[in-house]
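Beneath this line is the structure, given in structure tokens, with notes to follow.
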Amino acid sequence: MDTPAQPPEPWQWPEDQWRRIVACVRAGRSLRPRTWKDGARCAVALSFDSDHETNELRDGGKSIGRLSWGQYGNRVGVPRILKVLERHGVAASFYVPAVTALLYPDEQRAIVAQGHEIGIHGWIHELNSALPAAAERELMLRSAEVLEKTTGLRPLGMRTPSWDFSPHTLEIARDMGLAYDSSLFADEDCYELLLDGEPTGMVELPVEWVRDDAVYFWMNRFASQRPYTPPADVFDIFRRELDAAYEEGGLFQLTMHPHVIGYRSRIWILEEIIRHARAKPGVWFATHAQIVSWAKAHAA
Ligand SMILES: [Zn+2]
């Protein structure tokens, strides 16, 4: 009797197979501009992922305690963040799952009224990279619709909940006419996204786990996950990223979460980062959409 054929191990793959996998979504030309708006030396892109209750819901969780932690993001986190941004006259981007927007439409309207951007962040913070293609497309379209209906503005960009793509994500985003994504890691400056080697016209404004508050502060009571970096050290990491971006004339991008950074013992990190950047001459604070639009039009 024949033994069933085993799929080849990765070390047995022919060259065209691993080349095809790598080529699916790639960084194309760099979109680093010679200077930023008004001759600025450095661009600062602050972002907040308003996951709120969806961190619990997306795994099918019903913990009332963890849901209340999400509600803190709406009741305390976002208002506290908006106050800091308003005090310093800084524009930022908020990535909002559709379920968050449906739970808290007034929060989204307040964000937009203050001049900030709202971008797509999935439906219920689903693991988008594991979805069947049709479900992923349907959820992305529905999420954009909910955000547009809530705020009156069509979202220009997205941040995938997984910080990952399925093989279909980029094609769906391009078909939707989105200007940019902000979930991938191939650079520290904006770049053009290639799909199977072809330019898509879409821009990537890259993120990085080292510039994400959740990595340092997240806590799961029933798993071994605990905050392991003191707030002062997190500030130090963010500040070094900012200082180096300034030296290089590049882009400093930061991701925070209202139910992570919003606490009394942490919100100062956001304020100090803004003060630190403001103390330098030639720093442009802008939304991700503004930065992408500038980078695309003025790439060196
Ligand atoms: Zn998120």
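In each ligand, atom 1 is the first atom listed, and ligand 1 is the first ligand listed. In this chain, numbering begins with 1 at the start of the sequence shown. What you see is a predicted model, and the numbers here were worked out from it, not measured in a lab.
- Side chains of Asp189 and Ser30: a donor-acceptor N/O pair is absent below 3.5 angstrom, by distance only.
- Among all heavy-atom pairs drawn from Gly115 and Thr287, the shortest one is O-CG2, 4.3 Å.
- Using a distance-only test at 3.5 Å, with no hydrogens or angles considered, a donor-acceptor pair links the side chain of Arg109 to the main chain of Thr150.
- Residue Asp49 does not count as close to the Zn ion (ligand 1), with no N, O or S atom under 2.8 Å.
- Residue contact annotation: His125 places an N/O/S atom under 2.8 Å from the Zn ion (ligand 1).
- The angle His121:NE2 - the Zn ion (ligand 1) - Asp51:OD1 amounts to 90°, with values rounded to 10 degrees.
- The aromatic rings of Phe235 and His276 lie perpendicular to each other, with more than 60° between the two planes, well past the 30° mark.
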